[in-house]
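One structure is given below, encoded as structure tokens.
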Amino acid sequence: MAREAAEKPPEEILSLWKREQAQLKALLVEQDTEAWQRDPAFSGLQRVGGVDLSFVKGDSASACASLVVLSYPELEVVYEDCSMVNLTAPYMSGFLAFREVPFLVDAVQRLQEKEPHMVPQVLFVDGNGVLHHRGFGVACHLGILTDLPCIGVAKKLLQVDGLENNAQHKEKIRLLQAEGDTFPLIGGSGTVLGMALKSHSHSSKPLYVSVGHRISLESAVRLTRSCCRFRSPEPVRQADIRSRDYIRRTLGSPRPPPEQERSQKLQKPKVCPKEGSEEPAGEGSPPETHS
DNA sequence: GCGACAG
DNA sequence: ATCTTGTCGC
């Protein structure tokens, strides 16, 4: 049933994907387009969204795609959509969107149809925006396909355009002192591709923020700061937590070793190796928890 | 053969 | 992404 995702796509496909990224990139807007983005207190911002995918452990093709919407500035979850999906494309650095974005777009469209008033005014995406091999990461891709402002938030530095996670980079990280401290990620051409941000006082590893669509880097970093209760922005963190929980509740224990299985084994003793029986004859029926 | 490699 | 418990620290 759960086919594995496809093998590495042939060069021909990668060429098509690169062309598509280039075409969509022409539509990219890397500045603030909304009034609330320029407001010192983000007045007018009421809903922030987050998306993420979590995978079933042994299966690189089965995942739970989740979209959550939080109230701003309270950061309380007001909408959640989790759904199991079967991925087709394999993961390839530089082409993450072709693997994950179709399911995220689906989730956004479901929301737009069913509860348009709940559509978020900005989406936090787990991955990069313009900090990308061809300047068009998954956050840009999702932004263009949904026409929503998007912010790319990665947990690891994507080493592109001269950016390296070398000793100097690590030293800059070490110099990030207080929560909110940043340093620019400057590409070979001198362009600022993103910002490393210490998003939480107790986090030694920074967040790598970059523009997805319809927001400036300055606003993106400022809003990311404003949405972090812990290391990652609350919308993404909630999407992550809830997608994992959904998997655990769904496939986590389809058949939690019921007592019946144990009695069957006793009735049909297959093997009784050696003398020591490790299992105390007792039972361990996990209290069925409902809801 | 070795290093890179968002999620 | 996932494999993984306890553990050190505030």
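Computed from heavy atoms alone, side chains included, the values below leave out hydrogens, waters and symmetry copies. Chain letters run A, B, ... following the sequence lines, proteins first and then strands; every chain starts at 1.
No more than 12 heavy atoms of other residues, nucleotides or ligands shown are found within 6.0 angstrom of CD on Gln31(A).
Side-chain proximity of Lys57(A) to dA1(C), dC3(C), dC5(B): nearest is dC3(C). Closest approach to the Leu158(A) side chain among dA6(B), dA4(B), dA1(C) is made by dA6(B) (side chain taken as heavy atoms from C-beta onward).
Residues Leu197(A) and Phe183(A) are not in side-chain contact: their nearest non-hydrogen atoms beyond the backbone lie 4.5 Å or more apart.
A donor-acceptor pair is defined here as one N or O able to donate and one able to accept, closer than 3.5 Å; such a pair exists between the side chain of Gln159(A) and the backbone of Asn165(A).
Residue-level contact check: Phe95(A) touches the bases, meaning some heavy atom is under 4.0 Å from a base atom. Nucleic acid contact for Gly152(A): none, since no nucleic acid atom lies under 4.0 Å from a heavy atom of the residue. Looking at heavy-atom distances under 4.0 Å, His202(A) makes no contact with the nucleic acid at all. As judged by a 4.0 angstrom heavy-atom cut-off over every strand, Val138(A) is placed among the base-contacting residues. Within 4.0 Å (heavy atoms only), Asp126(A) reaches sugar-phosphate atoms of the nucleic acid but no base atom.
Phe103(A) places its CZ atom 18 Å from the P atom of dA1(C), with the value rounded to the nearest Å. The separation between Gln159(A) atom CD and dG7(B) atom P is 12 Å, rounded to whole Å. Rounded to an integer number of Å, the gap from CG of Leu185(A) to P of dA6(B) is 15 Å. The nearest whole Å value for the distance from the NZ atom in Lys156(A) to the C1' atom in dG7(B) is 8 Å. Between Leu53(A) atom CG and dA6(B) atom C1' the separation is 13 Å, expressed in whole Å. When the C1' atom of dA6(B) is taken as reference, atom CG of Leu104(A) falls 14 Å away, rounded to whole Å. Atom NE2 of His133(A) and atom C1' of dG7(B) are 13 Å apart (whole Å). dT2(C) atom C1' lies 13 Å from atom CD of Glu100(A), rounded to whole Å.
Taking atom C1' on both nucleotides, dT2(C) is separated from dC5(B) by 15 Å, rounded to a whole Å. When the C1' atom is used for both dG6(C) and dG1(B), the distance is 37 Å, rounded to whole Å. Between the P atoms of dC2(B) and dT5(C), the separation comes to 32 Å (whole Å).
Residue-nucleotide stacking is present for Tyr91(A) and dG7(B), judged by a side-chain ring centre under 5.5 Å from the six-membered base ring centre and planes under 30° apart.
Within the 4.0 Å cut-off from OP1 or OP2 of dT2(C), at least one side-chain nitrogen or oxygen of Arg244(A) is found.
Aromatic pair Phe95(A)/His132(A): ring centres not closer than 6.0 Å. No close placement of the Phe230(A) and His202(A) rings is indicated, their centers lying 6.0 Å or farther apart.
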